[in-house]
Structures are given as C-alpha cells and as structure tokens.
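A quick write-up on the structure given underneath.
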Amino acid sequence: MTYLKLGTLLTIGALALILAGCCCGGDSKETTVIEKQPVSTAPLGEELIKLKEAHEKGAITDKEYEDAKKSLLKE
C-alpha cells in the first residue's frame, strides 16, 4: 500500500514538473533586435569630409565609400 501512495505522488510530481515547463517559459521563440541608425546632426559637408578621410585612411573600401556618399547625397 505504501508503494502505491509513493508511486502516485511521484507520478503527480512528474506531471507537475512537465506542465510547469510547458507554461512557464518553455516557449523557444526567437527575439529579433532591430538597431536604429544614428541620426546625424552634422551638416552634409562635414559628413562628406569625414567619409573621405575614412576612405583615405583605409578604414572603408572603395565600394563602401561610394555607397555611403551616394546615400548621403540622396538624403
């Protein structure tokens, strides 16, 4: 009789743990973080000068320089 009570308690305990895992954060949804681009308050001329300096120092490639310049001039 004692073994029956012990088995019942263990079964109830196991079910409680399983159910707790399902409803208390067991969901594995991914979170996507979207970073906003910083808003520049510098005049266009200053931005272009900084961009050119970065290109001349080798911090950015020719393609990155051209793309960034087009983007600045488009705005």
Side-chain angles (χ1 to χ4, degrees):
M1 191 73 161
T2 310
Y3 292 112
L4 184 60
K5 288 181 182 179
L6 182 61
T8 304
L9 287 175
L10 287 175
T11 303
I12 292 171
L15 285 173
L17 287 174
I18 291 170
L19 291 175
C22 292
C23 63
C24 297
D27 195 9
S28 63
K29 291 183 181 176
E30 294 183 20
T31 302
T32 304
V33 177
I34 300 174
E35 294 183 23
K36 294 183 178 181
Q37 295 292 328
V39 176
S40 176
T41 58
L44 177 61
E46 287 181 24
E47 290 293 322
L48 289 169
I49 290 170
K50 289 179 186 178
L51 186 63
K52 184 176 181 183
E53 289 173 354
H55 179 252
E56 289 172 350
K57 291 180 181 179
I60 58 174
T61 65
D62 292 341
K63 181 171 180 2
E64 291 171 329
Y65 171 71
E66 291 301 323
D67 291 346
K69 187 170 72 170
K70 285 178 186 176
S71 175
L72 282 173
L73 294 173
K74 191 184 295 186
E75 295 175 1

Inset, instruction - Indicate yes or no for a side-chain donor-acceptor contact from E46 to the backbone of P43 under 3.5 Å, with no hydrogens or angles considered. - result: no
Inset, instruction - Hey, could you give me the NE2/CG distance between H55 and L51, rounded to the nearest 0.5 Å? - result: 8.5 Å
Legend entry - For K69, all residues meeting salt bridge (charged side-chain N to carboxylate O under 4.0 Å, His left out), sequence neighbours excluded: E66
Inset, instruction - Measure across Y65 and K52 and return the closest heavy-atom pair with its distance rounded to 0.1 Å. - result: CE1-CA, 3.7 Å
Inset, instruction - With sequence neighbours left out, write down each residue that passes side chain to side chain contact (heavy atoms under 4.5 Å, CB included) with A54, or none if nothing qualifies. - result: A59, I60
Legend entry - Considering all heavy atoms, the nearest L44-L72 contact: CD1-O, 3.7 Å
